[in-house]
Peer 1: 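Here's a structure for you.
Heavy atoms only: backbone and side chains are in, while hydrogens, waters and symmetry mates are out. Remember, it's a predicted structure, so these values are computed and weren't measured experimentally.
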Amino acid sequence: MIAAGLMLAGAAATTGAPLVVQVGNVRNAHGRVIVAICPQDKWLAENCAISGSVPAHPGTTTVTIEHVPPGEWGAQAFLDENGNTEIDRGIFGIPKEGVGFSRDAKIVMSPPKWRDAVFSHGAAPQTISFNLRYFTGPKSPEEWRKEKGGK
């Protein structure tokens with residue numbers, strides 16, 4: 001299961017370079033896209049200290065986190081469609097909202113492994129991109145529009 005750790009709270013770091021996170025496959029403009037940047041010992045935990053969020057936009061939503069220290073990191077994101085700052089879950093703990101991980105780390109019968117999501121961030125600004133995946137409801141912005149009658 002994906003850890004409830006995608007519920008993100010915490011203060012941003014005060015040193016380091018900007019990290020721009022382009023989160024693709026955002027299915028609608030409901031709520032916010034929330035991104036957490038975690039070191040290995042906090043991977044999939046609830047308390048990653050570096051996070052950011054912005055209003056959701058269908059397609060790609062960009063979240064900029066200003067001060068990410070150099071090091072090895074993993075990014076985790078979700079579309080918080082109802083604004084409760086946590087991933088809503090259905091039967092067997094399956095996420096009802098879109099979730100995604102750096103390097104598009106796959107979710108195969110369990111949360112993604114650190115080794116599949118880890119990336120290096122240096123002293124210069126950096127951009128990373130990955131997509132959200134949905135396990136219930138429409139799987140993309142196009143499916144959302146079709147299901148909701150073109151809205």
Peer 1: Restricting to side chain to side chain donor-acceptor pair (under 3.5 Å), what partner residues turn up for Ser129, sequence neighbours left out?
Peer 2: Gln22

Peer 1: Just to verify, which of Arg32, Lys96, Arg27 counts as forming a salt bridge (charged side-chain N to carboxylate O under 4.0 Å, His left out) with Glu81?
Peer 2: Arg27

Peer 1: Taking all heavy atoms of Ala75 and all of Ile128, pick out the closest pair and write down the distance.
Peer 2: CB-CD1, 4.0 Å

Peer 1: Looking only at heavy atoms, which two atoms of Ile87 and Pro95 are closest? And how far apart?
Peer 2: CG2-CB, 3.7 Å

Peer 1: If you round to the nearest 0.5 Å, how far is OG1 of Thr60 from CG of Asn25?
Peer 2: 8.5 Å

Peer 1: Got Val35 and Val54 here, is their nearest side-chain heavy-atom distance under 4.5 Å?
Peer 2: no

Peer 1: With a 3.5 Å distance limit and no angle check, can you tell me whether Asp104 reaches the backbone of Asn131 through a side-chain donor-acceptor pair?
Peer 2: yes

Peer 1: Quick check: does any side chain N or O of Glu97 sit under 3.5 Å from a backbone N or O of Asp88, one acting as donor and the other as acceptor?
Peer 2: yes

Peer 1: Quick check for you: to the nearest 0.5 Å, what is the distance between His67 atom NE2 and Thr15 atom OG1?
Peer 2: 8.5 Å

Peer 1: So does Ser120 get a backbone contact from the side chain of Gln126, meaning a donor-acceptor N/O pair under 3.5 Å?
Peer 2: yes

Peer 1: Which heavy atom of His121 sits nearest to which heavy atom of Leu19, and what is that distance?
Peer 2: ND1-CD1, 4.0 Å

Peer 1: Heavy atoms only: give me the nearest Val26-Pro141 pair and the separation to one decimal.
Peer 2: O-CG, 3.1 Å

Peer 1: Count the heavy atoms of every other residue, nucleotide or ligand shown that sit under 6.0 Å from NZ of Lys139, and state whether that count exceeds 12.
Peer 2: yes

Peer 1: Could you tell me the separation between the CZ atom of Phe101 and the CZ atom of Phe78, rounded to the nearest 0.5 Å?
Peer 2: 11.0 Å

Peer 1: What residues, two or more places apart in sequence or in another chain, satisfy side-chain contact (heavy atoms from CB on, under 4.5 Å) together with Asp116?
Peer 2: Ala105, Lys113

Peer 1: Which heavy-atom pair separates Ser53 from Val63 by the least distance, and what is that distance?
Peer 2: N-CG1, 4.0 Å

Peer 1: Kindly compute the distance separating CH2 (Trp73) from CH2 (Trp114), expressed to the nearest 0.5 Å.
Peer 2: 8.0 Å

Peer 1: Quick one: does Val23's side chain get under 4.5 Å of Thr62's, heavy atoms only?
Peer 2: no

Peer 1: Taking the ring of Tyr134 and the ring of Trp144, is the distance between their centroids below 6.0 Å?
Peer 2: no

Peer 1: Given the rule in the side-chain contact (heavy atoms from CB on, under 4.5 Å) test, do Lys42 and Asn47 qualify, once you have shown the distances and angles that lead to the verdict?
Peer 2: CA-CA 7 Å; Lys42 299 289 186 185; Asn47 55 350; 3.3 Å; yes

Peer 1: Can you tell me how far NZ of Lys146 sits from OG of Ser140, rounded to the nearest 0.5 angstrom?
Peer 2: 7.5 Å

Peer 1: Do Leu132 and Val20 belong together in a cluster built from hydrophobic side chains that touch within less than 4.5 Å?
Peer 2: no

Peer 1: Mind checking the CD-CD spacing from Glu142 to Glu147? Nearest 0.5 Å is all I need.
Peer 2: 13.5 Å

Peer 1: Using side-chain contact (heavy atoms from CB on, under 4.5 Å), reason through Phe92 and Phe135 one step at a time and then give a plain yes or no.
Peer 2: CA-CA 12 Å; Phe92 305 116; Phe135 300 93; over 6 Å; no

Peer 1: Go through it in stages, so that I can follow the logic: the residues are Val21 and Phe130, the test is side-chain contact (heavy atoms from CB on, under 4.5 Å), and I'd like the CA-CA distance, side-chain angles, deciding distance and then a yes or no.
Peer 2: CA-CA 8 Å; Val21 183; Phe130 56 89; 3.5 Å; yes

Peer 1: Side chains of Pro112 and Lys106: closer than 4.5 Å at any heavy-atom pair?
Peer 2: no

Peer 1: Are Ser102 and Gln76 close enough, and set up right, to give a side-chain contact (heavy atoms from CB on, under 4.5 Å), and what steps lead you there?
Peer 2: CA-CA 6 Å; Ser102 47; Gln76 47 196 31; over 6 Å; no

